[in-house]
Number of protein chains: 2
Amino acid sequence: MTSPENASDLPESGPEAARRRTGGRSARVRAQVVEAVGTLLVESGYDALTVDAVAERAGVHRTTVYRRWRDVGGLLADVLDAAADDGWRPADTGSLEDDLTALNQEVYEALRPGGADAADGYGSGYGSGYGSGSGSGSGGNLTIALIAASFRSAQAAGALTRFWEGRYARSAQVSDRAVERGELRPGVDARALLVTATAPLYQELLLLRSTPDPELPRRAARAACAAARAGVFH
Amino acid sequence: MTSPENASDLPESGPEAARRRTGGRSARVRAQVVEAVGTLLVESGYDALTVDAVAERAGVHRTTVYRRWRDVGGLLADVLDAAADDGWRPADTGSLEDDLTALNQEVYEALRPGGADAADGYGSGYGSGYGSGSGSGSGGNLTIALIAASFRSAQAAGALTRFWEGRYARSAQVSDRAVERGELRPGVDARALLVTATAPLYQELLLLRSTPDPELPRRAARAACAAARAGVFH
DNA sequence: ATCTTAACGCAACATCCGTCGCTTTAAGGA
DNA sequence: TCCTTAAAGCGACGGATGTTGCGTTAAGAT
């Protein structure tokens with residue numbers, strides 16, 4: 001759980017620097033607030049995620065939230081950074097196409113209207129505590145809410161980028177394994193391959209908001225495979 | 001120029017329906033407001049696009065804007081619908097890869113940080129009157145501002161989807177021409193091909209906000225070509 | 001030219017949002 | 001246990017945002 005103020009975590013430069021107090025009350029407040037953010041997002045979507053609502057839900061005073069997180073973007077950055085360092089790994093199915101399809105399936109679930117309950121924007125694991133968002137009325141999709149927020153706050157945008165880059169970095173082993181198996185020649189640009197594979201899902205579900213096509217994850221994976229085998233990413 | 005209220009343009013159902021007044025003053029007000037929206041977006045980005053700022057810039061009263069467009073989303077929807085029916089056509093270069101690259105180049109310019117001055121999110125032509133946004137400080141990218149807005153307003157989201165679908169529909173002839181030339185077998189899914197070709201640009205520049213790579217438009221086009229030739233979109 | 005009334009202008013109002021100065025609580029070192 | 005002070009609580013404020021009721025202007029029909 002990375003907090004805004006210790007993101008760059010020098011232990012206070014001065015010799016007699018003021019001691020931070022991260023124990024007891026502060027920790028409790030943070031936990032309550034972070035949980036309130038998740039709950040509110042799932043229940044009523046991003047528009048309901050005001051500082052006031054979070055504070056009330058967390059049983060904490062408004063000014064406390066303003067001082068520690070500054071704004072909604074800061075709250076989301078905190079939540080996202082916490083989600084970023086889960087133990088997620090890409091599935092290992094034995095073939096490049098199936099690996100990419102599995103990856104795309106996760107993205108698909110996260111982006112689908114009734115979608116997953118997690119900061120699953122790409123990958124799983126986060127906050128399985130938040131009951132599935134399935135059909136929770138105006139709640140809408142949590143992942144989409146987070147992305148929407150990233151357009152309103154530089155801080156949230158940075159956190160989201162870090163989250164995704166972490167996912168892509170770990171997914172590079174999908175490409176590595178394909179090389180080991182001899183499916184691809186060495187020297188392939190893993191990131192380009194992965195972006196090509198996943199991008200159509202974001203395009204269709206997030207930007208174009210077309211009706212979800214269950215075949216899309218596999219088709220996008222196949223397209224990326226074909227391009228990779230043709231040497232486009234070398 | 002499609003206005004919110006005549007979007008579904010039945011000429012008033014009742015036999016003695018109240019006559020709308022679209023002439024003189026109303027038309028002038030609309031023109032002033034729409035122009036103010038464009039100017040403000042280019043000059044200072046989406047965050048500066050408040051109803052008040054638009055009203056002041058247009059020399060019109062706040063309540064007028066609130067009543068006719070309801071909110072910023074309504075304003076943007078109006079602007080986007082106006083931009084959607086320009087005369088845009090995809091370039092015809094003589095080969096599929098070059099056609100797609102040209103398409104991607106337009107998207108690239110529109111999405112790049114110092115990017116194009118138009119609602120060029122995909123395609124050109126709109127409002128060439130708005131001086132190029134090149135480097136206009138905090139202005140940021142107009143296209144990205146419009147997309148960001150679409151996450152805050154269902155009305156703007158709908159307009160943006162319509163805009164893009166129109167672009168994709170017209171771009172289908174890129175695929176048709178490739179079939180005619182014998183580059184692709186008949187029966188290819190043009191939309192899937194086009195989405196695959198353009199999606200990596202949106203992914204990198206809009207979502208991941210990575211530093212622009214001038215090679216990206218061509219690489220994405222090549223990847224889509226390779227997939228198409230492999231029969232992925234049939 | 002005259003009349004009706006849609007659309008705009010205006011001012012007052014209610015909210016919401018973020019900030020500030022001050023007080024109170026309790027974390028953490030001695 | 002006591003002391004210092006970081007961090008939370010509290011109330012009040014100023015500014016921005018959106019709404020409402022009413023008066024004024026002018027579009028469009030006769």
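Just so we're on the same page: letters track the sequence lines, and every chain starts at 1.
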Asks: Heavy-atom nearest nucleotide on DNA chain D for R25(A) versus T50(B): which residue maps closer to 5'?
Replies: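 That would be R25(A).
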Asks: Phosphate oxygens OP1/OP2 of dA8(D): is one of them under 4.0 Å from a side-chain N or O of R68(A)?
Replies: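 Yes, such a contact exists.
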Asks: Roughly how far, to the nearest 0.5 Å, is CG of D86(B) from CZ of R167(B)?
Replies: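 Here the rounded value is 4.0 Å.
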Asks: Would you kindly give the CZ-to-C1' distance between R30(A) and dA6(D), to the nearest whole Å?
Replies: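 The distance from CZ of R30(A) to C1' of dA6(D) comes to 14 Å, rounded to the nearest Å.
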Asks: Given atom CZ of R28(A) and atom P of dA7(D), what is their separation to the nearest angstrom?
Replies: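 Going from R28(A) (CZ) to dA7(D) (P), I get 15 Å.
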Asks: State whether the number of non-hydrogen atoms from other residues, nucleotides or ligands found under 6.0 Å of E56(B) atom CD is greater than 12.
Replies: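 Counting other residues, nucleotides and ligands, CD of E56(B) stays at 12 neighbours or fewer.
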Asks: Going by the rule side chain to side chain donor-acceptor pair (under 3.5 Å), which residues pair with D213(B) if we only count those two or more places apart in sequence or in a different chain?
Replies: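 Testing D213(B) for side chain to side chain donor-acceptor pair (under 3.5 Å), a comparison that skips the adjacent residues, returns R219(B).
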Asks: Counting just side-chain N and O atoms, does T64(A) come under 4.0 Å of either OP1 or OP2 of dG9(D)?
Replies: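 T64(A) to dG9(D) OP1/OP2: side-chain N or O found under 4.0 Å.
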Asks: Could you state the atom-to-atom distance from CG of L49(A) to C1' of dC16(C) in whole Å?
Replies: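 L49(A) atom CG is separated from dC16(C) atom C1' by 15 Å.
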Asks: What is the distance, to the nearest angstrom, from the CD atom on Q32(A) to the P atom on dA8(D)?
Replies: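 To the nearest whole Å, that distance equals 11 Å.
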Asks: Closer than 4.0 angstrom, basic N to acidic O: yes or no for E165(B) and R191(B)?
Replies: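 Result for this pair is yes, salt bridge flagged.
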Asks: Return the value, rounded to whole Å, for the distance between atom NE2 of H61(A) and atom C1' of dC17(C).
Replies: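 Roughly 14 Å, once rounded to whole Å.
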Asks: With rounding to the nearest 0.5 angstrom, report the CG to CG distance, L41(A) to L49(A).
Replies: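 It is 4.5 Å, given to the nearest 0.5 Å.
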Asks: Using a cut-off of under 3.5 Å, enumerate the N/O to N/O pairs linking the protein to nucleotides 19-21 of chain C.
Replies:
| unit_1 | atom_1 | unit_2 | atom_2 | d |
| --- | --- | --- | --- | --- |
| dT19(C) | O4 | R62(A) | NH2 | 3.2 |

Asks: Whole angstrom is fine here: how far is it from CG in D52(B) over to P in dT19(D)?
Replies: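 Nearest whole value for this atom pair: 12 Å.
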Asks: Would you please name every residue forming a side chain to side chain donor-acceptor pair (under 3.5 Å) with S210(B), sequence neighbours left out?
Replies: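 Partners of S210(B) under the side chain to side chain donor-acceptor pair (under 3.5 Å) test: E204(B).
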Asks: In whole angstrom, what separates W69(B)'s CH2 from dA7(C)'s C1'?
Replies: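 Value for this atom pair: 11 Å.
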Asks: Parallel, tilted or perpendicular, judged at 30° and 60°: which one describes the rings of F151(B) and F151(A)?
Replies: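 Rings of F151(B) and F151(A): parallel, as their planes differ by under 30°.
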Asks: Would you mind reading off the distance between R20(A) atom CZ and dA26(C) atom C1', rounded to a whole angstrom?
Replies: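 It works out to 16 Å between those atoms.
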